[in-house]
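Everything on this sheet refers to the single structure shown next.
From a predicted model like this one, the values you see are computed outputs, not experimental measurements.
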Amino acid sequence: MSILIGQHEFEGPITNFADVPSAPGIYALLHEDPTGSMLVDIEQSDNLKQSLAESVASLNNQIVVILPCLNGSRRKAILAELVSEFEFEDDEPVVEAQ
């Protein structure tokens, strides 16, 4: 099965940590509730298994999806694209005190 985040097709949800490859890629944590899924976190890694070792232990209603990607520059570009796409535009701007 795959899950579309932005224009990218992620593999998952990963239900067994043994299925996470020790390879470079992007991973996303999603929170599932009755109304759907919400993106909680998205990161890139040179080793998905190592990066997800701690996260998987404390998933509580979260699912993991991965996008394997060997090219480091491409990974960073995809991550930047997705982060900018999912930024909350209606957050209050921060005003510095004068």
### Query
Does atom CD of E81 have more than 12 heavy-atom neighbours, drawn from other residues, nucleotides or ligands, at distances under 6.0 Å?
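More than 12 within 6.0 Å, yes.
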### CG on L79 to CD on Q44, rounded to 0.5 Å
6.5 Å
### Task
First locate atom OG of S45, then atom CD1 of I66, and finally report the distance between them rounded to the nearest 0.5 Å.
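S45 OG to I66 CD1: 10.5 Å, rounded to 0.5 Å.
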#### Entry: Candidate list V83, L29, L30, test side chain to side chain contact (heavy atoms under 4.5 Å, CB included), partner L39, passing option
L30
### Message
Consider side chain to side chain contact (heavy atoms under 4.5 Å, CB included). Of L48, D19, L52, which one does V64 pass it with?
### Response
L52
### Test salt bridge (Lys or Arg N to Asp or Glu O under 4.0 Å) applied to D46 - qualifying residues, sequence neighbours left out
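R75.
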### Message
Taking side-chain contact (heavy atoms from CB on, under 4.5 Å) as the definition, give me every residue that meets it alongside K49, ordered by chain and number, with sequence neighbours left out.
### Response
F17, V20, S22, N47
### Query
By side-chain contact (heavy atoms from CB on, under 4.5 Å), which residues pair with L82, not counting sequence neighbours?
I5, H8, F10, I42, I78, E85, F86
Residues two or more places apart in sequence or in another chain: which of them pass side-chain hydrogen bond (donor to acceptor under 3.5 Å, both in side chains) with [X]?
X	answer
S2	E9
E11	none
D41	none

#### Entry: Residue pair V65 / G12: nearest heavy atoms and the distance that separates them
CG1-CA, 4.1 Å
